[in-house]
Amino acid sequence: TASEDGTARIFELHTGKTLSILGGHCSAVVSVTFSEDISRALTMTSARSIAMYDASSGVQLWRVLGPVQDACLAADGRRVLVMDSHSVVGLLDAQTGRLLTN
């Protein structure tokens, strides 16, 4: 779940138990997207930053402070497509957050 308290939480479906908390955001989390294998989670905040997390441990792997207007994790989990507030599109390496092309 995404939350106004600056966290996203991953729950076990059947028990409702919290499996991990994705913290360290500077504002409300407005979206969470998972990699196909569910090993990583991409979050976006109301302050237009994005961050990638290890979904099982909750450890933040990298963060881009933005302004990011939208972000999409590729189906293979290897790239993140981002669009900034000026409609400029870029491609990030999902492992490092490094800009590959814009």
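Computed from a predicted model, the values in this text were never measured in an experiment. Throughout, residue positions are numbered sequentially from 1 according to the sequence presented.
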Between Ala8 and Val32 the two heavy atoms that sit nearest each other are CB-CG2, 3.7 Å
Name all pairs fulfilling the ring pair (Phe, Tyr, Trp, His ring centres under 6.0 Å) condition that reach into residues 64-96, sequence neighbours left out, sorted by first residue then second.
-> none
For Ser85, the side-chain hydrogen bond (donor to acceptor under 3.5 Å, both in side chains) test, sequence neighbours excluded, returns none
Pairs flagged by side chain to side chain donor-acceptor pair (under 3.5 Å) wherever residues 10-32 is involved - sequence neighbours left out | Glu12-Thr15, His25-Thr43, His25-Tyr53, Ser27-Thr45, Ser27-Ser46
Going only through I, L, V, M, F, W and Y residues with side-chain contacts under 4.5 Å, is there a path from Ile21 to Ile38?
-> no
With sequence neighbours left out, which residue pairs that include part of residues 61-78 fulfil the side chain to side chain donor-acceptor pair (under 3.5 Å) condition?
-> none
Those residues at least two apart in sequence (or on a different chain) that pass side-chain hydrogen bond (donor to acceptor under 3.5 Å, both in side chains) with Asp84 are none
May I ask you to list the residues sharing a hydrophobic cluster with Phe11, side-chain cutoff 4.5 Å, ordered by chain and number?
-> none
Excluding sequence neighbours, so at least two apart, what forms side-chain contact (heavy atoms from CB on, under 4.5 Å) with Ala71?
-> Leu42, Met44, Ile50, Val68, Val80, Val82
Over all heavy atoms of both residues, which pair between Leu22 and Ala41 is shortest? Give the atoms and the distance, please.
-> CD1-CB, 3.8 Å
Please list, chain by chain and in numerical order, all residues satisfying side-chain contact (heavy atoms from CB on, under 4.5 Å) with Arg40, sequence neighbours excluded.
-> Ser35, Met52, Leu61, Ala94, Gln95
Closest heavy-atom pair, Leu81 versus Val89, reported as atoms and distance to 0.1 Å, is CD1-CG1, 3.3 Å
Would you say Leu19 and Val29 are hydrophobically clustered, going by side-chain heavy atoms of ILVMFWY under 4.5 Å?
-> yes
Partners of Asp93 by side-chain hydrogen bond (donor to acceptor under 3.5 Å, both in side chains), sequence neighbours excluded?
-> none
